[in-house]
Undergrad: 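One structure is given below, represented as structure tokens, and several questions about it will come after.
Everything numeric in this text was worked out from a predicted model, so none of it was measured. Values reported hereafter were calculated over all heavy atoms of this structure, with side chains retained and with hydrogens, waters and symmetry mates removed.
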Amino acid sequence: MSVEDNLKPSIMLISPTDIELDIKRLEEQLKIHQDQESDNVQKIREDIQRLWDFVSWLKIAQVQGVWKSKTCRHSVNGRCNAWNVSEPERIGLSSEYVEAGGENVKHVVVEKYPHFCITCPLYEAKRS
């Protein structure tokens with residue numbers, strides 16, 4: 001083989017139909033990916049809506065707890081005298097929300113933690 005043979009240009013012919021087929025395949029793959037992304041975005045939107053609904057419910061419950069903590073006859077000086085919470089950690093209550101009273105009695109400070117009042121079965125409205 002001579003040096004001149006190596007210098008000859010090598011040309012490869014590609015048919016336009018081959019390129020068109022490749023483009024169509026790529027467009028189909030792109031469409032599949034777009035559909036998957038659209039589905040994922042829709043699922044994320046649904047999840048966000050469910051979370052928002054749940055958080056909205058919690059906010060309503062929180063408002064109810066605040067109202068009950070301020071209007072209950074057992075709430076005296078911001079603490080609940082209806083409950084003796086001897087072991088707050090066992091019920092998942094942080095010690096910062098508990099105040100020790102006389103005779104080794106521990107009361108929930110509902111002024112700091114009104115959530116405690118949300119479902120309290122001992123709620124009674126203050127009497128004037």
Side-chain angles (χ1 to χ4, degrees):
M1 180 180 262
S2 72
V3 172
E4 294 167 354
D5 289 335
N6 287 334
L7 296 176
K8 291 182 182 176
S10 59
I11 298 175
M12 189 169 154
L13 294 176
I14 299 175
S15 110
T17 55
D18 289 342
I19 294 175
E20 287 173 352
L21 287 174
D22 287 343
I23 290 173
K24 283 183 182 180
R25 264 189 252 121
L26 288 172
E27 286 175 338
E28 288 171 2
Q29 288 178 352
L30 179 63
K31 175 78 171 121
I32 289 169
H33 288 295
Q34 286 173 333
D35 290 346
Q36 287 174 344
E37 284 303 310
S38 177
D39 289 346
N40 289 340
V41 168
Q42 183 60 31
K43 287 176 186 172
I44 290 170
R45 283 188 177 138
E46 290 169 2
D47 289 344
I48 288 172
Q49 184 60 48
R50 276 193 295 275
L51 285 172
W52 181 252
D53 292 346
F54 184 71
V55 168
S56 297
W57 179 86
L58 286 176
K59 287 184 180 284
I60 291 168
Q62 183 179 17
V63 169
Q64 182 181 8
V66 170
W67 174 79
K68 286 172 99 175
S69 73
K70 292 178 188 247
T71 61
C72 182
R73 78 175 190 93
H74 300 293
S75 178
V76 179
N77 296 327
R79 67 180 209 170
C80 177
N81 288 328
W83 292 91
N84 175 12
V85 186
S86 59
E87 297 180 46
E89 301 82 26
R90 284 187 79 184
I91 61 170
L93 194 58
S94 173
S95 60
E96 70 182 282
Y97 301 128
V98 178
E99 191 175 275
E103 299 177 22
N104 205 17
V105 175
K106 295 180 183 176
H107 296 285
V108 177
V109 181
V110 294
E111 188 174 68
K112 291 182 184 176
Y113 192 69
H115 306 83
F116 189 75
C117 303
I118 292 171
T119 59
C120 180
L122 302 177
Y123 172 80
E124 287 183 49
K126 288 182 181 176
R127 298 181 199 264
S128 302

Undergrad: Show the nearest heavy-atom pair for residues His74 and Glu124, with the distance to one decimal.
TA: NE2-OE2, 3.7 Å
Undergrad: NE2/His115 to SG/Cys120 distance, rounded to the nearest 0.5 angstrom?
TA: 15.0 Å
Undergrad: Indicate yes or no: does Arg50 engage Asp47 in a salt bridge with an N to O separation below 4.0 Å.
TA: yes
Undergrad: Kindly indicate whether the side chain of Gln49, heavy atoms from C-beta on, has any atom under 4.5 Å from the side chain of Asp53.
TA: yes
Undergrad: Check whether more than 12 heavy atoms from other residues, nucleotides or ligands sit under 6.0 Å from atom NZ of Lys70, and answer yes or no.
TA: no
Undergrad: When you compare the side chain of Arg79 with that of Glu111, does any pair of heavy atoms fall below 4.5 Å?
TA: no
Undergrad: Does atom CG of Asp39 have more than 12 heavy-atom neighbours, drawn from other residues, nucleotides or ligands, at distances under 6.0 Å?
TA: yes
Undergrad: In Å, rounded to the nearest 0.5 Å, how long is the span from CG of Asn84 to NE2 of His107?
TA: 6.5 Å
Undergrad: For Ser95 and Glu89, work out which heavy atoms get closest and say how close.
TA: CB-OE2, 4.2 Å
Undergrad: The test is side chain to side chain contact (heavy atoms under 4.5 Å, CB included); show your working for Ile23 and Glu27 and say whether it passes.
TA: CA-CA 6 Å; Ile23 290 173; Glu27 286 175 338; 3.9 Å; yes
Undergrad: Could you tell me the separation between the CD atom of Glu20 and the OG1 atom of Thr17, rounded to the nearest 0.5 Å?
TA: 6.5 Å
Undergrad: Quick check: closest heavy atoms across Asp22 and Arg25, and the distance to 0.1 Å?
TA: OD1-NH1, 2.9 Å
Undergrad: Check this for me: does any side-chain nitrogen of one of Asp35 and Lys31 sit under 4.0 Å from a carboxylate oxygen of the other?
TA: yes
Undergrad: What's the shortest heavy-atom distance between Pro114 and Ser69, and which atoms?
TA: CB-OG, 3.8 Å
Undergrad: As an exercise, state the distance from OH of Tyr123 to SG of Cys80, rounded to the nearest 0.5 Å.
TA: 12.0 Å
Undergrad: Working to the nearest 0.5 angstrom, can you tell me the gap between Lys68 NZ and Thr119 OG1?
TA: 7.0 Å
Undergrad: Leu30 and Gln34: side chain to side chain contact (heavy atoms under 4.5 Å, CB included), yes or no, with the steps?
TA: CA-CA 6 Å; Leu30 179 63; Gln34 286 173 333; 4.0 Å; yes
Undergrad: Taking the hydrophobic residues Ile, Leu, Val, Met, Phe, Trp and Tyr, and joining any pair whose side-chain heavy atoms are under 4.5 Å apart, which ones share a cluster with Leu93?
TA: Trp83, Val85, Ile91, Tyr97, Val98, Val108, Val110, Tyr113, Phe116, Leu122
Undergrad: Can you find a heavy atom in the side chain of Gln36 that is under 4.5 Å from one in the side chain of Ile32?
TA: yes
Undergrad: Once you round to the nearest 0.5 Å, how far does NZ of Lys106 lie from CG of Asn104?
TA: 6.5 Å
